[in-house]
Amino acid sequence: MKHRIMRVLIVLLLGVALVMVSGFTDTSSEDTSDEGIMEEETVETTGTEDTEESADVDDVMEENGEASDSVIDPADFTDGIPNPYFPLTVGTTFVLEGESDGEDIKVEMYVTDQTKEILGVTTIVVREREWEDGEFIEDTLDWYANDNEGNVWYFGEDSKEYGDGKILSTAGSWEAGVDGAEPGILMKADPRVGDVYQQEYYEGEAEDMAEVLSLDASVTVEYGSFDNCLQTKEWTPLEPGIEEHKFYANGIGLLLEMAVTEGDERLELVEILTE
């Protein structure tokens with residue numbers, strides 16, 4: 001009787017042990033599976049958030065124009081430094097006279113008090129008028145701005161050619177940011193011999209380039225004689241083989257421009273007027 005009772009107890013204990021072992025194994029398996037699912041869900045969620053955030057940033061950049069190829073940042077023009085080779089003092093008029101192919105030429109460049117905002121930059125409007133043998137032939141509004149380093153940027157022009165008092169053409173007009181046009185540097189803050197730079201870019205219409213040839217040129221014009229002048233070569237791919245040289249005096253500005261490869265144009269400073 002005692003032996004039978006002992007066998008029954010042993011069987012019961014073994015059964016309870018098997019049940020406990022089985023339950024522990026199932027629970028461990030379920031926990032491991034749940035952790036794997038949670039990890040996979042976390043990775044997927046993080047990836048989705050990153051993608052959505054990137055898309056939002058791209059949208060904002062496009063809306064603000066920051067995704068553009070333009071090199072212009074308005075913050076670079078908040079404290080523009082005057083350039084001594086190309087002063088933009090409001091109320092100043094530079095008068096240049098000369099000849100071109102036997103015709104008398106006169107040009108007046110007037111620094112107005114008007115401004116125009118282009119690509120977020122406040123530019124100064126300079127009005128340039130030209131006469132040939134006393135006849136008014138061209139009226140142009142140029143848009144310039146000094147950046148915080150002293151470079152003079154050229155943002156475009158509104159040009160009108162006249163004949164018999166009527167507008168004949170607006171060819172050559174362009175504005176940075178419009179139809180693919182880009183601003184260029186008209187005068188560098190720290191020009192060095194050998195520097196080559198784009199002054200303007202509007203494909204097929206305005207593609208002027210410049211190169212610094214000298215920093216110690218001597219020039220004599222009607223306005224006076226000057227040493228240590230900046231000499232540049234200017235040309236455009238739109239007119240291969242045609243070049244002109246320009247000379248600038250520190251603290252004065254443009255003194256002389258002359259054709260060197262074709263024609264005999266020569267234009268020199270004769271007077272500076274101030275209001």
Side-chain angles (χ1 to χ4, degrees), residues 83 85-101 103-119 121-146 152-187 198-210 232 234-236 238-239 242 244-248 253-259 263 265-273 275:
N83 188 303
Y85 288 114
F86 200 83
L88 293 170
T89 304
V90 172
T92 304
T93 300
F94 300 87
V95 182
L96 299 97
E97 295 181 355
E99 292 186 355
S100 177
D101 298 328
E103 306 287 346
D104 291 330
I105 302 295
K106 179 180 179 179
V107 173
E108 291 184 358
M109 294 185 294
Y110 173 57
V111 184
T112 76
D113 59 358
Q114 300 175 6
T115 61
K116 179 179 175 67
E117 185 170 309
I118 303 175
L119 296 178
V121 176
T122 299
T123 68
I124 297 173
V125 180
V126 176
R127 185 181 186 187
E128 181 174 327
R129 295 182 295 170
E130 182 174 346
W131 291 263
E132 184 177 283
D133 280 345
E135 181 183 357
F136 185 56
I137 62 170
E138 189 169 347
D139 192 2
T140 301
L141 298 179
D142 295 307
W143 306 308
Y144 302 112
N146 295 323
V152 180
W153 286 79
Y154 188 24
F155 283 79
E157 65 178 78
D158 178 10
S159 180
K160 298 180 178 66
E161 295 182 12
Y162 286 82
D164 296 325
K166 299 179 180 179
I167 297 177
L168 302 179
S169 173
T170 58
S173 297
W174 64 282
E175 180 178 334
V178 177
D179 195 25
E182 299 178 6
I185 293 181
L186 187 79
M187 182 61 65
Q198 185 94 42
Q199 294 184 311
E200 59 182 7
Y201 186 76
Y202 179 32
E203 186 175 5
E205 294 290 338
E207 300 182 18
D208 286 3
M209 302 285 296
T232 65
E234 295 189 7
W235 75 97
T236 173
L238 303 178
E239 298 178 349
I242 298 179
E244 67 177 8
H245 287 184
K246 291 186 178 181
F247 299 82
Y248 302 83
L254 179 62
L255 295 176
L256 171 68
E257 58 182 68
M258 54 189 293
E265 181 174 321
R266 177 186 171 91
L267 197 62
E268 65 180 62
L269 182 67
V270 299
E271 189 176 15
I272 296 179
L273 305 173
E275 294 180 351

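These numbers come from the heavy atoms of this one structure, side chains and all, not from hydrogens, waters or symmetry mates.
Relative orientation of the His245 and Phe247 rings is perpendicular, given thresholds of 30° and 60° on the angle between their planes. Using the six-membered ring where Trp is involved, Trp131 and Phe136 have ring planes that are tilted, between 30° and 60° apart.
Side-chain atoms of Gln198 and Glu207, non-hydrogen and from C-beta on, do get closer than 4.5 Å to each other. By the 4.5 Å heavy-atom criterion applied to side chains, Tyr248 and Met187 are counted as neighbours. With contacts defined as side-chain heavy-atom distances shorter than 4.5 Å, the pair Glu200/Glu157 qualifies. Between Gln114 and Lys116 there is no side-chain heavy-atom pair separated by less than 4.5 Å. For the pair Leu168/Tyr162, no side-chain contact is recorded, criterion being any heavy-atom separation below 4.5 Å from C-beta on. Side-chain atoms of Ile105 and Glu130, non-hydrogen and from C-beta on, do get closer than 4.5 Å to each other. Side chains of Glu99 and Asp104 form a contact here, defined as non-hydrogen atoms less than 4.5 Å apart. Within the 4.5 Å cutoff, the side chain of Glu265 has heavy atoms near those of the Glu257 side chain.
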Evaluation steps, ring-ring contact (aromatic ring centres under 6.0 Å, His included), between Tyr154 and Tyr144: CA-CA 5 Å; Tyr154 188 24; Tyr144 302 112; 5.1 Å; yes

After noting the C-alpha distance and the side-chain angles of Tyr202 and Asp179, does the key distance pass the side-chain hydrogen bond (donor to acceptor under 3.5 Å, both in side chains) rule? CA-CA 8 Å; Tyr202 179 32; Asp179 195 25; 2.6 Å; yes

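Rounded to the nearest 0.5 Å, atoms OG (Ser159) and CD (Glu128) are 8.5 Å apart. Of the inter-residue distances, the one linking Thr236 atom OG1 with Glu205 atom CD reads 10.5 Å to the nearest 0.5 angstrom. In this structure, Leu186 CG and Asn146 CG are separated by 10.5 Å, a value rounded to the nearest 0.5 Å. Here the CD atom belonging to Glu108 is positioned 12.5 Å from the CZ atom belonging to Phe94, to the nearest 0.5 angstrom. If you take OH on Tyr85 and CG on Leu255, they are separated by 11.0 Å, rounding to the nearest 0.5 Å. One distance of note links CG of Leu96 with CZ of Arg266; it measures 11.0 Å at 0.5 Å rounding.
Looking only at distances, no side-chain donor or acceptor of Thr92 sits under 3.5 Å from a matching main-chain atom of Val111. Judged by distance alone, with hydrogens and angles left aside, the side-chain atoms of Thr123 form no donor-acceptor pair with the main-chain N or O of Ala145 at under 3.5 Å.
When all heavy atoms of Ala210 and Trp235 are compared, the pair lying nearest together is C-CZ3, 3.8 Å. The two residues Thr232 and Glu234 come nearest to each other via the heavy atoms OG1-OE2, 4.0 Å. Of all heavy-atom pairs between Leu267 and Gly98, the closest is CD1-N, 3.6 Å.
A 6.0 Å sphere centred on CD of Glu132 holds more than 12 heavy atoms belonging to other residues, nucleotides or ligands.
Of the options Thr140, Leu254, Thr93, a side-chain contact (heavy atoms from CB on, under 4.5 Å) to Met109 is made by Leu254 and by none of the others. Under the side-chain contact (heavy atoms from CB on, under 4.5 Å) test applied with Trp143, the options Thr115, Ile124, Val125 reduce to a single match, Val125.
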